[in-house]
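Keep in mind that the numbers below use all heavy atoms, side chains included, and drop hydrogens, waters and symmetry copies. In this text, all values refer to a predicted model and were calculated from it rather than measured experimentally.
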Amino acid sequence: MLAAKTLINPSTPLHLPNKLTLRRPKPPFSLSIRNSLSDSQAPTTPGQLRVDILAESLPFIQKFRGKTIVVKYGGAAMKSESLQASVVNDLVLLSCVGLRPVLVHGGGPEINHWLKRLNIEVSFHDGLRVTDAATMEIVSMVLAGKVNKNLVSLIDRAGVKAIGLCGFDGRLVTARPAPNAAKLGFVGEVARVDPTVLWSIVNDGHIPVIASVAADETGQQYNINADTVAGELAAALGAEKLILLTDVAGILSDRNDAFSLVKEIDIKGVKKMVEEGKIGGGMIPKVNCCVRSLAQGVKTASIVDGRVPHSLLLEILTDEGAGTMISG
């Protein structure tokens with residue numbers, strides 16, 4: 001108790017060094033309580049360490065409080081139970097400190113599992129799932145049913161109310177056939193987004209959980225890439241940030257060097273890397289999704305390594321980040 005009284009004695013000035021070099025956002029200040037303690041005082045306790053972390057997070061919480069953050073969830077973070085729990089806990093924490101997260105998900109591995117169980121052929125063309133009528137029925141059942149409701153249940157149990165939706169609900173997303181529909185079948189694009197149904201959910205402090213299936217004007221259902229749905233929703237909601245959880249570290253300046261991560265880049269830089277062939281393969285549609293959302297008013301878009309535990313918190317509440325941040 002004596003040590004505690006000495007720490008908070010108002011007559012003893014505290015010299016709080018600014019130990020954070022903040023990349024984003026630029027806060028008004030930062031605190032580092034632990035470094036203000038002298039060498040003669042007791043070692044840092046687990047409780048003190050937690051307080052230090054919270055204090056360091058304050059400028060970031062202030063920056064993003066009340067702002068909408070759209071997260072696309074999939075890949076390794078969906079297949080691993082521990083990473084799934086990490087994402088859910090991150091979303092709940094962000095909601096509890098005043099951010100407004102919106103979760104968009106796919107579910108490729110789960111879809112493949114059920115197609116194989118039902119002896120329906122799994123086929124891809126140019127990286128996109130070929131979706132005939134039978135496949136579309138399974139896609140809709142798995143995404144809007146099993147995967148979506150499981151995520152809602154996990155978030156509810158973690159302490160925040162979640163509402164499960166898909167593109168059909170409230171005409172949230174209207175689809176149209178993809179240009180190469182003759183080869184892909186019922187694979188669609190986003191024709192229109194009406195976020196009206198989401199406002200009451202986020203304003204009440206709940207987390208929308210959205211499956212990436214939607215219907216066209218005639219009611220025909222389509223399977224839509226979850227990255228695309230997340231990007232269009234982020235634009236329609238005027239989101240502060242779009243985050244795509246992926247199975248890679250982010251954008252690499254050298255695709256053969258895992259340590260060549262580009263931490264920050266603007267739209268011009270991204271386009272130049274594409275032209276130079278430094279960005280290719282499955283990264284191109286993700287980058288295009290980010291660029292399109294930025295062009296429609298989203299402040300920043302990040303391609304984040306979903307294999308890293310608590311990558312959402314690293315990206316939003318620290319200077320370190322967990323991938324590549326693209327800005328306009």
Side-chain angles (χ1 to χ4, degrees), residues 24 69-91 94 101-112 124 126-129 143 147 151 209-212 223-235 239 241-265 267 269-271 273-274 277-294 298 300-318 320-327:
R24 58 184 194 277
I69 309 293
V70 176
V71 178
K72 182 267 179 172
Y73 171 56
M78 183 169 276
K79 291 179 280 189
S80 161
E81 288 188 7
S82 62
L83 289 176
Q84 186 176 70
S86 170
V87 170
V88 167
N89 288 332
D90 287 0
L91 288 167
L94 293 172
V102 175
L103 184 66
V104 178
H105 69 85
E110 191 74 18
I111 293 169
N112 291 342
F124 289 86
D126 291 339
L128 296 174
R129 182 185 303 278
L143 291 187
V147 175
L151 288 170
V209 181
I210 302 162
S212 58
N223 180 22
I224 305 179
N225 180 275
D227 292 335
T228 301
V229 173
E232 295 301 317
L233 279 172
K241 192 170 188 65
L242 168 67
I243 297 177
L244 306 181
L245 290 177
T246 71
D247 290 343
V248 295
I251 296 175
L252 304 177
S253 60
D254 180 353
R255 281 188 280 171
N256 298 317
D257 181 2
F259 296 99
S260 63
L261 177 66
V262 177
K263 298 287 285 183
E264 291 185 60
I265 192 169
I267 291 177
V270 164
K271 290 181 177 178
M273 289 186 70
V274 172
K278 293 181 178 179
I279 296 176
M283 185 59 70
I284 289 180
K286 294 184 184 299
V287 165
N288 288 340
C289 166
C290 291
V291 169
R292 181 173 168 81
S293 67
L294 291 169
V298 176
T300 63
S302 295
I303 299 173
V304 169
D305 192 346
R307 301 168 300 179
V308 176
H310 300 294
S311 54
L312 285 179
L313 297 186
L314 283 169
E315 180 62 23
I316 296 172
L317 299 183
T318 75
E320 179 181 348
T324 301
M325 185 180 75
I326 307 172
S327 60

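- Residues Met273 and Met283 fail the side-chain proximity criterion, which asks for heavy atoms closer than 4.5 Å.
- To the nearest 0.5 Å, the span separating CG on Leu233 from CD1 on Ile210 amounts to 5.0 Å.
- Across all their heavy atoms, Ala239 and Val70 have their closest contact at CB-CG2, 4.0 Å.
- Residues Leu314 and Val308 are in side-chain contact: their nearest non-hydrogen atoms beyond the backbone lie under 4.5 Å apart.
- Taking NE2 of His105 as the reference point, atom CG of Leu143 lies at 6.5 Å (rounded to 0.5 Å).
- The OG atom of Ser327 sits 7.5 Å away from the CD1 atom of Ile267 when rounded to the nearest 0.5 Å.
- For Phe124, the CZ atom sits in a packed shell: over 12 heavy atoms of surrounding residues, nucleotides or ligands are nearer than 6.0 Å.
- You'll find the side chain of Val147 reaches within 4.5 Å of the side chain of Met78, heavy atoms only.
- For Thr246 (side chain) and Val248 (main-chain N/O), a donor-acceptor pair under 3.5 Å exists by modelled atom type.
- Side-chain contact check for Leu313 versus Asn89: every heavy-atom pair is 4.5 Å or farther apart.
- Residue Asp227 holds its CG atom at 11.0 Å from CG of Asn288, rounded to the nearest 0.5 Å.
- Shortest non-hydrogen contact noted between Thr318 and Gly321 is OG1-N, 3.4 Å.
- Not one N or O on the side chain of Ser293 forms a donor-acceptor pair closer than 3.5 Å with the backbone of Ala234.
- Two residues are said to be in side-chain contact when any heavy atoms from C-beta on lie closer than 4.5 Å; Val87 and Val71 fail this criterion.
- Within the 4.5 Å cutoff, no side-chain heavy atoms of Lys286 are placed close to those of Ile251.
- Taking a 6.0 Å sphere around CZ of Arg255, one finds it holds more than 12 heavy atoms contributed by other residues, nucleotides or ligands.
- Looking at heavy atoms from C-beta onward, Asn225 lies out of side-chain contact with Cys289 at the 4.5 angstrom threshold.
- Of all heavy-atom pairs between Val229 and Val104, the closest is CG1-CG1, 3.9 Å.
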*Are Ile316 and Ile243 close enough, and set up right, to give a side chain to side chain contact (heavy atoms under 4.5 Å, CB included), and what steps lead you there?*
CA-CA 10 Å; Ile316 296 172; Ile243 297 177; 3.7 Å; yes
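- The two residues Leu242 and Gly231 have their closest heavy-atom pair at CD2-CA, 3.9 Å.
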*asked:* Working note: Ser311 + Asp305, criterion side chain to side chain contact (heavy atoms under 4.5 Å, CB included); need CA distance, chi angles, decisive distance, verdict.
replied: CA-CA 7 Å; Ser311 54; Asp305 192 346; 5.7 Å; no
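- Taken to the nearest 0.5 Å, the CD1 atom of Ile303 stands 10.5 Å off from the CG atom of Leu261.
- Considering CG of Leu103 and NZ of Lys72, their distance stands at 10.5 Å, rounded to 0.5 Å.
- Of all heavy-atom pairs spanning Leu252 and Asp257, the tightest one is CD1-O, 3.7 Å.
- The shortest heavy-atom contact between Ser212 and Gly106 is OG-CA, 4.1 Å.
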*Given side chain to side chain contact (heavy atoms under 4.5 Å, CB included), test Lys241 with Met325 step by step and report yes or no.*
CA-CA 10 Å; Lys241 192 170 188 65; Met325 185 180 75; 3.8 Å; yes
*asked:* side chain to side chain contact (heavy atoms under 4.5 Å, CB included), that's the test. Do Leu151 and Gln84 meet it? Break it down for me.
replied: CA-CA 9 Å; Leu151 288 170; Gln84 186 176 70; 4.2 Å; yes
